[in-house]
J.: 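Take a look at the following structure, please.
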Amino acid sequence: MIKRDPNVEVYASGQYIRMSAHKARRVLDQIRGLYYEQTLMMLELMPYRACYPIFKLVYSAAANASHNMAFNKEDLIISQAEVNGGTLLKRFKPRARGRSYPIKKPTCHITIVLQDISKDQDFFIWLRKRGWIYETLKNINMKEKYVSMSYEKRMIWANSGGEVVWDEVVWDKK
């Protein structure tokens, strides 16, 4: 029997991926904080070469979450996504008159962390860690709450204990 602990974060990491950290970082900045299913759709449609290894890592992290921790894939969000530079592969290209030209091939290490937000309190803690507080009715389920939060921008920024800085609906849901 697998014990389901919602406070545990599940991760997958890929090391020595043959691309620069800067190119992978621009993709990770767009998927951070999204739902698992939204992330897979977004990564399939983006035109960058970095999307495929990140897609495989997100898929692997979700498989780890469902198999090892018995989490539901629909309740997973990407709580952290980071990329660090790896070692450089140093090669030399022969040039004219017996000279050589150095080529530096960069690698990177990518880590994807997924968190289960099926419990309301854990989702509140996740938002609070990043500075957001969500205010609506408590009887909405978590997926509707997160989707409405991301589309309608019904969030208020918490200034280290101080409350409302802004609270407005920016987009209308149509």
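Bear in mind that the values here come from a model prediction, so they are computed numbers and not experimental data. Hydrogens, waters and symmetry mates are skipped; everything else that's a heavy atom, side chains included, is used.
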J.: Can you find a pair of side-chain heavy atoms, one from Ile78 and one from Leu114, that are under 4.5 Å apart?
T.: yes
J.: What's the spacing between Met41 CE and Gln38 CD if we round to 0.5 Å?
T.: 6.0 Å
J.: Is there a chain of hydrophobic side chains (I, L, V, M, F, W, Y, each step under 4.5 Å between heavy atoms) that links Val58 to Met19?
T.: yes
J.: Let me check something: do Ile112 and Met46 share a hydrophobic cluster, defined by ILVMFWY side-chain heavy atoms less than 4.5 Å apart, either directly or through other members?
T.: yes
J.: I want to check something: taking the side chain as every heavy atom from C-beta on, are Thr111 and Gln80 in contact at a cut-off of under 4.5 Å?
T.: no
J.: Test Asp29 against every option in Arg25, Arg32, Arg26 by the salt bridge (charged side-chain N to carboxylate O under 4.0 Å, His left out) rule and name the one that passes.
T.: Arg32
J.: Donor-acceptor pair, distance only, cut-off 3.5 Å: does the side chain of His109 make one with the backbone of Tyr16?
T.: yes
J.: Assess whether side chain to side chain contact (heavy atoms under 4.5 Å, CB included) is satisfied between Asn68 and Val10, documenting all intermediate values.
T.: CA-CA 9 Å; Asn68 298 340; Val10 181; 5.9 Å; no
J.: In terms of hydrophobic clusters joined by side-chain contacts under 4.5 Å, are Ile54 and Tyr48 together?
T.: yes
J.: Return yes if some donor-acceptor pair links the side-chain N/O of Thr107 with the main-chain N/O of Thr87 below 3.5 Å, else return no.
T.: yes
J.: Is Val113 reachable from Val27 through a run of I, L, V, M, F, W or Y residues, each pair having side-chain heavy atoms under 4.5 Å apart?
T.: no
J.: Which heavy atom of Val83 sits nearest a heavy atom of Ala21, and at what distance?
T.: CG1-O, 3.7 Å
J.: Answer yes or no: does atom CZ of Phe55 have more than 12 heavy-atom neighbours from other residues, nucleotides or ligands under 6.0 Å?
T.: yes
J.: State, to 0.1 Å, how close Ala24 and Ile110 come at their nearest heavy-atom pair, and which atoms those are.
T.: CB-CD1, 4.1 Å
J.: Is Met42 reachable from Leu57 through a run of I, L, V, M, F, W or Y residues, each pair having side-chain heavy atoms under 4.5 Å apart?
T.: yes
J.: If you count heavy atoms of other groups shown closer than 6.0 angstrom to CZ of Arg18, is the number above 12?
T.: yes
J.: Are Phe92 and Pro102 side-chain neighbours, meaning at least one heavy-atom pair lies under 4.5 Å?
T.: yes
J.: Shortest non-hydrogen contact from Leu34 to Gln30?
T.: CD1-O, 3.6 Å
J.: Does any part of the side chain of Asp116, heavy atoms only, come nearer than 4.5 Å to the side chain of Leu76, both counted from C-beta?
T.: yes
J.: How many angstroms lie between atom OG of Ser100 and atom NZ of Lys93, to the nearest 0.5 angstrom?
T.: 12.0 Å
J.: Is a side-chain donor or acceptor of Ser60 paired with a backbone partner of Lys56 at a separation under 3.5 angstrom?
T.: no
J.: When rounded to the nearest 0.5 angstrom, what distance separates OG in Ser20 from CZ in Arg49?
T.: 8.5 Å
J.: Does some side-chain heavy atom of Pro106 sit less than 4.5 Å from a side-chain heavy atom of His22?
T.: no
J.: Could you grab the distance from atom CG of Leu88 to atom CD1 of Ile103, nearest 0.5 Å is fine?
T.: 12.5 Å
J.: Which heavy atom of Ala62 sits nearest a heavy atom of Lys73, and at what distance?
T.: O-CE, 3.8 Å
